[in-house]
Amino acid sequence: MNAAASDDEIAKADALVIFGVTGDLARKMTFRALYRLERAGKLDCPVIGVARRTDWGHDTLRSRARESIEETLPDFDEEIFRKLEGRLRLVSGDYGDSSTFDSLKHEIDPDGQHVFYLEVPPSLFASVVDQLGQAGLSEKARVVIEKPFGHDLASAQALQAELLKTLREEQIYRIDHFLGKEPVMDITYLRFANLMLEPVWSREYVSHVQMTMAEPFGVDDRGAFYDPVGALRDVVQNHLLQVLALVAMEPPAGNQPDSIRDKKLELFKAIKAADPDRYVRGQYKGYRDVKGVDPNSQTETFAALELSIDNWRWSGVPFYIRAGKCMPLKQTEVSVVFKRPPHLGVVGSGSLPDPNQLTVRIDPHPGSRMRFVAKAAGAERFEHADLDVLFEKIEGEEPGPYERLLSDALHGRQQLFSRMDMVEETWRIVEPLLTDQRDVEIYEPGTWGPESTDELVKGVCQWYEPWTDGEGGPPSSPS
Ligand code: BG6
């Protein structure tokens, strides 16, 4: 056995305990991830669900797992499920009640090394952790926490202070599922394994960067969750700032677990606090009729903003982000747009088309596209020539984000989890926008958000039409 394998062995968890196992996240994501880990031979510990519902037993948990896997995966295999089913056990009781934790101790080795995954509302994080401490289960614990971590800087710091009464920072695994996405990880490879990109990856050659996260659906049955949150807290402070950091950070110094996180932190520190005058808040028409939403809600379902990075590499290069529900399509991508050439030494009719762009598409069909300008065949005219690389070899084969992150937590690998110092910086960056009192601008579902989204980028660029298969180019105008 080599040194890395034995480290892995040492770090391996003895059990996975899931609080809130009857909830939506488990139904949609967790069981499916566990099943796929089982199929890949990467799950080898008991899985204990903890639920407040006293009408649930081991068998209810197992049939819920079966239903949810059948619903979420096309290729259900009875034999694999049997193995998974054999690991599943349920403990029920109130999360604030010590007897629940006494029952849990009958299911796991009290001196073992366990992963506790908190799929419970954030208001319960601190009390569950406190109970783990009182039950003597916290010393070797790894605690996996779902986003959001706080709802602003002060509340994130207050939550951290509560958790630190029982845990050390390195025991806290904050999930941001975007960090477990294969194409998000590809960004680091693309940037740092291709030397030709480095010399042009700066203010010398880059005009601006555009990020889009568009979802064609509304808030649906998540009104009560979403209304106090909004797009900025739901996807910008976490998912999109993490992606931006990978695009803009300096090369990591080594392959240590913290080398990438350190570089991201350095980058976050260089981002100026966002300017409310460079921010557009939109809300899709019909949002206020969603169950659980305040009929006078001013919550944004669309956010567009400009960020600037105050460092040597990026000074003067605007980074634009737009994210929204009820957009024309599902698309998450980031485009680095280069400057135009200074002088055309070639003859071509018409004006020069868009400048070079390197786009990384995260969703759907992960890939990267390099946009060149070429001569049209048989004519003295410019046209685009796109060099497309699709990352996925066989669709659905690569581990999904929850699979990867759960497996990492089970093996004590922290690189893809967010650290508290990063969380604090990202809240600092968006903080001025959280207190913005302006009314939301209403937009029609199926459009690219309010009209002022165009104003935001005016004078620098247009929003580019996302790279759909066989497509891509300017512009995608708002409503
Ligand atoms: C979640 C947000 O974190 O990410 C959702 O709460 C959003 O509102 C989702 O829809 C998007 O994730 P993905 O992986 O489907 O792009």
Side-chain angles (χ1 to χ4, degrees), residues 20 23-30 32-33 36 72-73 117-122 144-151 173-187 211-244 246 281-284 287 290-293 297 299-303 321-334 360-367 391-392 395-396 398-406 416-418 423 426-427 430 445 449 466-468:
D24 231 33
L25 182 64
R27 189 167 63 79
K28 291 187 183 150
M29 299 288 183
T30 319
R32 161 201 162 101
R36 285 182 50 121
T72 51
L73 284 173
Y117 184 7
L118 310 193
E119 296 188 15
V120 294
V144 178
I145 290 186
E146 270 296 327
K147 79 169 211 342
F149 196 87
H151 54 266
Y173 287 60
R174 297 177 192 80
I175 282 206
D176 181 321
H177 80 279
F178 261 52
L179 291 179
K181 284 181 185 251
E182 190 80 10
V184 171
M185 298 171 75
D186 282 325
I187 294 173
M211 295 174 68
T212 295
M213 178 176 178
E215 295 178 298
F217 41 80
V219 169
D220 302 334
D221 54 354
R222 298 169 74 221
F225 157 78
Y226 194 88
D227 206 37
V229 175
L232 198 65
R233 289 184 172 95
D234 189 36
V235 300
V236 177
Q237 176 265 340
N238 33 67
H239 305 331
L240 296 179
L241 284 185
Q242 289 288 342
V243 173
L244 188 153
L246 292 172
R281 301 172 71 231
Q283 185 186 84
Y284 67 82
Y287 169 74
V290 174
K291 189 167 164 243
V293 170
S297 174
T299 299
E300 77 286 352
T301 61
F302 173 93
I321 297 179
R322 62 176 171 173
K325 304 275 186 205
C326 284
M327 301 272 104
L329 42 73
K330 166 109 179 133
Q331 187 89 4
T332 305
E333 66 175 34
V334 47
V360 175
R361 183 167 64 188
I362 294 165
D363 212 349
H365 311 305
F391 293 149
E392 235 176 6
E395 205 175 331
E398 276 136 11
Y402 277 96
E403 247 164 286
R404 172 174 286 115
L405 295 173
L406 268 180
L416 298 180
F417 295 87
S418 202
V423 171
T426 49
W427 279 125
V430 299
W467 167 23
T468 50

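Both ligands and their constituent atoms are indexed starting at 1 by order of listing. Hydrogens, waters and symmetry mates play no part in the numbers below; they use all other heavy atoms, side chains included.
Annotation: cation-pi pair Arg174/Phe149 present, NZ/CZ under 6.0 Å from the ring centroid and within 45° of its normal.
Sorted by chain then number, the residues whose non-hydrogen atoms approach ligand 1 to under 4.0 Å are Lys147, His177, Phe178, Lys181, Met213, Glu215, Arg222, Asp234, His239, Lys325, Lys330, Asp363.
The residues Glu300 and Arg281 are annotated as salt-bridged, a charged nitrogen and a carboxylate oxygen being separated by less than 4.0 angstrom.
With hydrogens and angles ignored, the 3.5 Å screen pairs no side-chain donor or acceptor of Tyr287 with any backbone N or O of Gly223.
Contact check for Thr299 versus Val293: no side-chain heavy atoms found under the 4.5 Å cut-off.
Gln283 CD to Thr301 OG1: the interatomic distance, rounded to the nearest 0.5 Å, is 6.0 Å.
Looking only at atom types and distance, the side chain of Gln331 has no donor-acceptor partner in the side chain of Thr468 under 3.5 Å away.
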